[in-house]
Undergrad: 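Here it is, the structure in full.
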Amino acid sequence: MKSDSKIKRFLSKDITLFVISLILAFAIWFVINANAETERNTTISNIPITIELPEELVEDGYEVFTTTELTASVEVSGNRLTVGSLNVNDIKIEALQRNPIIAPGPYTLDLSASKQGVKSNYNFVSGVTPSQIQVFVDKRKEVELNITNSVVCNVEKEGYYKNSWLSSNTVTISGPEAEVSAVDKVTVQGTLEGVVGETVNDKFDLVFLDKDGKELNLTYTKTSLNEVEVYLKPLPTLEVKLEIDTKNAPASHPKIKITPSKVKIAAEQEVLDRYYKDKKVVLDTLDFSTLTNKKTVVERDIRLENGCKLLSDSSTAKVSINLSGYDEKKLVINSFASENIDLKTYSVEFHNTSLEITVFGPSDVVDDITSADVICKVDFDGVSGDYYNSNDSFDLPFTFKLTNKYKDCWVYGEYIADVIVTKK
């Protein structure tokens with residue numbers, strides 16, 4: 001107990017506490033300085049790489065393309081305080097050119113590290129990692145390309161269309177002009193097995209081909225997609241006949257030929273049953289007022305209902321008719337009629353005093369036709385009442401009707417009536 005009291009009395013003295021504190025502070029200072037001066041190695045990573053192109057290339061729009069991030073690392077040695085405080089801003093890594101960059105193309109650049117900033121009390125232990133980088137110098141080009149579905153689709157049953165589609169129909173590629181310009185086609189390739197009544201799908205890598213069909217390795221080009229999903233749902237098929245309606249046609253005329261005469265279509269069974277029970281597709285109307293006495297061939301789009309696919313190399317059909325056996329005759333019409341307007345309430349004034357029309361028909365008939373055999377009229381059906389009592393003239397098409405004796409003739413051309421309608 002006495003010894004404990006002596007220790008307490010010793011420690012309670014101010015001078016004693018001061019001496020102990022001084023000794024501890026010196027010990028801590030000694031340890032810190034001893035450690036600070038200790039040599040230490042460390043690696044500084046993710047240091048940006050500086051690449052300087054000639055000014056004239058930069059002005060012309062050239063830039064540097066790489067396959068990796070433009071960063072590197074370097075190992076340094078120095079005392080713990082200095083090395084521990086280093087960061088990527090204290091070191092500069094430059095890409096040195098073995099050969100001057102004077103034109104577009106690939107280049108190998110050596111990497112070199114140097115100190116920058118106020119910290120210099122350290123050394124580089126080894127070279128830069130990586131020691132070299134591969135780059136491509138060129139102008140940037142970006143294009144959007146269609147993706148061709150070249151996946152081979154198999155269906156377990158005959159009579160079904162291999163209906164397939166892609167999750168994306170286009171891909172955007174961006175990179176060196178020389179590399180991007182070499183791409184002629186983008187496709188997906190492989191095999192997909194279909195099941196009737198179901199939709200199956202799988203992922204396929206994009207394949208980039210040159211104009212000769214050879215696969216390209218796009219080293220420096222970035223793509224918006226690397227793969228796409230290919231979907232397959234087999235659809236039942238149906239062969240349908242192509243037909244065409246006519247307008248202003250003579251009662252009898254040569255046969256109209258449609259090529260192809262039949263096409264095959266595919267759709268869900270309920271769509272085929274709803275729209276194509278009669279197994280035919282009607283093309284846009286053939287108006288004889290547009291035809292003269294010669295052989296004529298026109299094209300018509302093959303229009304299908306929504307959800308239907310045309311299984312044909314062409315989406316159009318050729319419609320041909322030979323009218324070369326008909327003769328032409330000119331007639332002057334001086335009398336015009338009106339229909340679908342209340343002539344007890346309104347009066348119709350024609351600015352056309354006369355009208356010369358062209359009529360085609362069989363040679364043994366058309367010679368005898370006269371203007372009295374042609375009814376020339378204007379149909380006011382659907383004309384807005386705003387046109388009435390406006391005292392302004394407006395245009396409407398003339399329509400023609402031939403008497404039964406000349407039902408095998410037709411009027412060629414479009415004729416416009418200039419009329420004024422006023423209330424009586």
Side-chain angles (χ1 to χ4, degrees), residues 24-143 172-182 217-224 226:
L24 288 174
F26 177 78
I28 293 171
W29 174 85
F30 180 81
V31 170
I32 291 175
N33 277 274
N35 288 332
E37 293 301 323
T38 301
E39 289 289 320
R40 176 189 172 190
N41 289 7
T42 190
T43 299
I44 310 299
S45 303
N46 298 319
I47 307 170
I49 299 172
T50 301
I51 303 176
E52 295 184 358
L53 291 178
E55 185 176 345
E56 56 270 20
L57 289 182
V58 175
E59 291 177 352
D60 287 341
Y62 288 89
E63 56 183 281
V64 175
F65 298 91
T66 64
T67 57
T68 59
E69 293 292 328
L70 282 176
T71 60
S73 60
V74 65
E75 186 179 4
V76 296
S77 175
N79 66 65
R80 289 180 177 271
L81 285 178
T82 302
V83 168
S85 65
L86 289 176
N87 58 50
V88 296
N89 297 318
D90 297 311
I91 299 173
K92 182 178 181 180
I93 295 182
E94 293 179 283
L96 305 179
Q97 304 160 14
R98 294 182 179 182
N99 299 307
I101 299 177
I102 58 174
Y107 291 88
T108 299
L109 305 180
D110 296 320
L111 299 183
S112 174
S114 61
K115 303 173 184 178
Q116 64 178 4
V118 296
K119 300 172 186 176
S120 60
N121 189 25
Y122 64 92
N123 298 305
F124 294 112
V125 176
S126 60
V128 179
T129 303
S131 61
Q132 297 177 336
I133 57 171
Q134 305 295 323
V135 302
F136 199 98
V137 177
D138 204 348
K139 293 181 178 180
R140 179 176 294 274
K141 183 176 182 179
E142 181 175 298
V143 295
T172 299
I173 63 175
S174 176
E177 185 176 37
E179 198 168 85
V180 172
S181 298
N217 181 20
L218 302 181
T219 306
Y220 300 97
T221 295
K222 307 293 183 182
T223 63
S224 61
N226 294 318

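The structure presented is a predicted model; accordingly, all values stated were derived computationally and were not measured.
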Undergrad: Just so I know, are the side chains of L111 and S131 near enough to count as touching, which here means a heavy-atom distance under 4.5 Å?
TA: no
Undergrad: Without swapping roles, check the side chain of K119 against the backbone of S85 for a donor-acceptor pair under 3.5 Å.
TA: yes
Undergrad: Could you tell me whether E63 and R140 have a side-chain N and a carboxylate O separated by less than 4.0 Å?
TA: yes
Undergrad: Taking the side chain as every heavy atom from C-beta outward, state whether T219 and T67 have any atom pair closer than 4.5 Å.
TA: yes
Undergrad: Check whether the side chains of R40 and S77 place a donor and an acceptor atom closer than 3.5 Å, and report yes or no.
TA: no
Undergrad: Measure across V88 and N46 and return the closest heavy-atom pair with its distance rounded to 0.1 Å.
TA: CG1-O, 3.5 Å
Undergrad: Would you check if the side chain of E75 reaches a backbone N or O of F124 as a donor-acceptor pair within less than 3.5 Å?
TA: no
Undergrad: Within the 4.5 Å heavy-atom criterion, are K92 and T50 side-chain neighbours or not?
TA: yes
Undergrad: Specify the closest pair of heavy atoms between A103 and L57, including all atoms of both residues, with the distance to one decimal.
TA: N-CD1, 4.5 Å
Undergrad: Any side-chain donor paired with an acceptor under 3.5 Å for T221 and E179?
TA: yes
Undergrad: Is there side-chain contact between V74 and T43, with at least one heavy-atom pair below 4.5 Å?
TA: no
Undergrad: Are side-chain heavy atoms of E55 and D60 found at a separation under 4.5 Å?
TA: no
Undergrad: Do Y62 and D138 come within less than 4.5 Å of each other through their side chains, counting heavy atoms only?
TA: yes
Undergrad: Are there over 12 heavy-atom neighbours, none belonging to E52, within less than 6.0 Å of that residue's CD?
TA: no
Undergrad: Find the distance between OH (Y220) and CZ (F65) and round it off to the nearest 0.5 Å.
TA: 11.0 Å
Undergrad: Is it the case that T108 and Q134 place a side-chain donor and acceptor less than 3.5 Å from each other?
TA: yes
Undergrad: Between K141 and S181, does any side-chain donor sit less than 3.5 Å from a side-chain acceptor?
TA: yes
Undergrad: Mind checking the CD1-CD1 spacing from I47 to I91? Nearest 0.5 Å is all I need.
TA: 4.5 Å
Undergrad: Any idea which heavy atoms bring N89 and N87 closest together, and the distance?
TA: N-OD1, 2.8 Å
Undergrad: Would a 4.5 Å heavy-atom cut-off, applied to side chains only, mark V76 and I44 as touching?
TA: yes
Undergrad: Within the side chain of E142, is there an N or O that forms a donor-acceptor pair under 3.5 Å with the backbone of T172?
TA: no
Undergrad: Can you find a heavy atom in the side chain of I101 that is under 4.5 Å from one in the side chain of L53?
TA: yes
Undergrad: What's the spacing between L109 CG and E94 CD if we round to 0.5 Å?
TA: 11.5 Å
Undergrad: Decide side chain to side chain contact (heavy atoms under 4.5 Å, CB included) for I51 and I133; before the verdict, give the C-alpha distance in whole Å, the side-chain angles of both, and the deciding distance to 0.1 Å.
TA: CA-CA 11 Å; I51 303 176; I133 57 171; 3.9 Å; yes
